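These numbers were taken from a predicted model, which means no experiment stands behind them. All chains are named by letter (A, B, ...) in the order of the sequence lines, taking the proteins before the strands, and each is independently numbered beginning at 1.
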Amino acid sequence: EAGVAQSPRYKIIEKRQSVAFWCNPISGHATLYWYQQILGQGPKLLIQFQNNGVVDDSQLPKDRFSAERLKGVDSTLKIQPAKLEDSAVYLCASSLGVGDKGEQYFGPGTRLTVT
Amino acid sequence: GENVEQHPSTLSVQEGDSAVIKCTYSDSASNYFPWYKQELGKGPQLIIDIRSNVGEKKDQRIAVTLNKTAKHFSLHITETQPEDSAVYFCAAPPRNYGQNFVFGPGTRLSVLP
């Protein structure tokens with residue numbers, strides 16, 4: 001079974017620039033998550049999709065972050081404009097179910113450096 | 001929001017010794033308590049989980065114990081090996097149904113040969 005795919009693996013941009021990350025979840029997984037993991041911390045949920053609908057985006061900085069999951073499969077996360085504090089690893093995860101009804105499978109992440 | 005703590009934040013053990021990491025949480029509406037392992041350059045991977053209808057679950061060298069009354073659960077690794085070196089995260093169940101799990105700050109385990 002193929003795992004969660006993410007690209008790019010690394011990205012370096014200057015502050016105020018834009019950046020986009022892509023995620024392809026495990027086939028058949030209805031739930032998709034985007035997490036931000038700052039160095040030395042645990043992953044923090046940014047947004048959760050159930051199929052192509054948003055379930056939870058309460059911690060997404062909506063003035064600069066946006067995400068979509070068209071057709072309920074692949075997803076993209078965008079930051080525009082980036083700030084220095086956005087430097088982090090952005091993890092995508094997917095699961096069959098929600099919460100305690102589905103183990104989350106994580107991708108390798110995209111390491112973003114904002115200079 | 002949910003307050004999740006892990007202790008210790010770093011742990012060094014000799015190969016073959018045991019390691020114990022504790023996770024405490026402030027509230028829960030869920031019966032599911034997972035532990036994840038994150039190796040360098042990779043995403044977290046579920047290694048063991050437990051549901052609150054049991055107090056302990058074991059899978060080879062790894063075990064998890066749960067004390068729902070005291071609101072903590074612990075990861076136990078016996079006969080540690082160098083490949084156990086990683087960062088371990090607990091994910092605390094949500095306070096209310098429909099909310100998402102909150103990850104702890106992580107514990108860096110180093111197994112010294």
Treat each ILVMFWY residue as a node, draw an edge where side-chain heavy atoms are under 4.5 Å apart, and state whether B:I77 and B:V13 are in one component. yes
Counting heavy-atom pairs under 4.5 Å with chain A, the top scorer among B:G41, B:S9, B:A91, B:G104 is B:G41
OH (B:Y36) and CZ (A:F106) are apart, to the nearest 0.5 Å, by 5.5 Å
Go through the atoms of B:F33 and report whether side chain, backbone, both or neither lie under 4.5 Å from a heavy atom of chain A. neither
Residues forming a salt bridge (charged side-chain N to carboxylate O under 4.0 Å, His left out) with A:K15, sequence neighbours excluded: none
Can B:I50 be reached from B:I21 by stepping across I, L, V, M, F, W or Y side chains whose heavy atoms are under 4.5 Å apart? yes
Around atom CD of B:Q45, are there more than 12 heavy atoms from other residues, nucleotides or ligands closer than 6.0 Å? no
Contacting region of A:R111 [heavy-atom separation from chain B under 4.5 Å]: neither
Looking at every heavy atom in both A:G42 and B:F89, which two are closest together, and how far apart are they? CA-CE2, 3.3 Å
Can you measure from CZ (B:F101) to CG (A:L45) and round to the nearest 0.5 angstrom? 12.0 Å
Are more than 12 heavy atoms from other residues, nucleotides or ligands located less than 6.0 Å from atom CG of B:L112? yes
Check whether more than 12 heavy atoms from other residues, nucleotides or ligands sit under 6.0 Å from atom NZ of A:K71, and answer yes or no. no
Smallest heavy-atom separation, A:L91 atom then B:P44 atom, equals CD1-CD, 3.9 Å
Linking I/L/V/M/F/W/Y whenever any side-chain heavy atoms sit under 4.5 Å apart, do A:I47 and A:I26 land together? no
State yes or no: do B:I62 and B:L109 share one hydrophobic cluster built from I, L, V, M, F, W and Y residues joined by side-chain heavy-atom distances below 4.5 Å, directly or via other members? yes
Gap separating the CD atom of A:E103 from the CG atom of B:D49, nearest 0.5 angstrom: 7.0 Å
Does a sphere of radius 6.0 Å around CD in A:Q41 hold more than 12 heavy atoms from other residues, nucleotides or ligands, not counting ones at 6.0 Å or beyond? yes
Taking a hydrophobic cluster as the set of Ile, Leu, Val, Met, Phe, Trp and Tyr residues connected by side-chain heavy atoms closer than 4.5 Å, whether directly or through intermediates, do A:Y90 and A:I38 fall within one such cluster? no
At a heavy-atom separation under 4.5 Å, does B:Q38 approach chain A through its side chain, its backbone, both, or neither? side chain
Does any backbone or side-chain atom of A:Q37 lie under 4.5 Å from a heavy atom of chain B? Answer side chain, backbone, both or neither. side chain
Residue by residue, which of residues 73-85 of chain A have a heavy atom closer than 4.5 Å to a heavy atom belonging to chain B? none
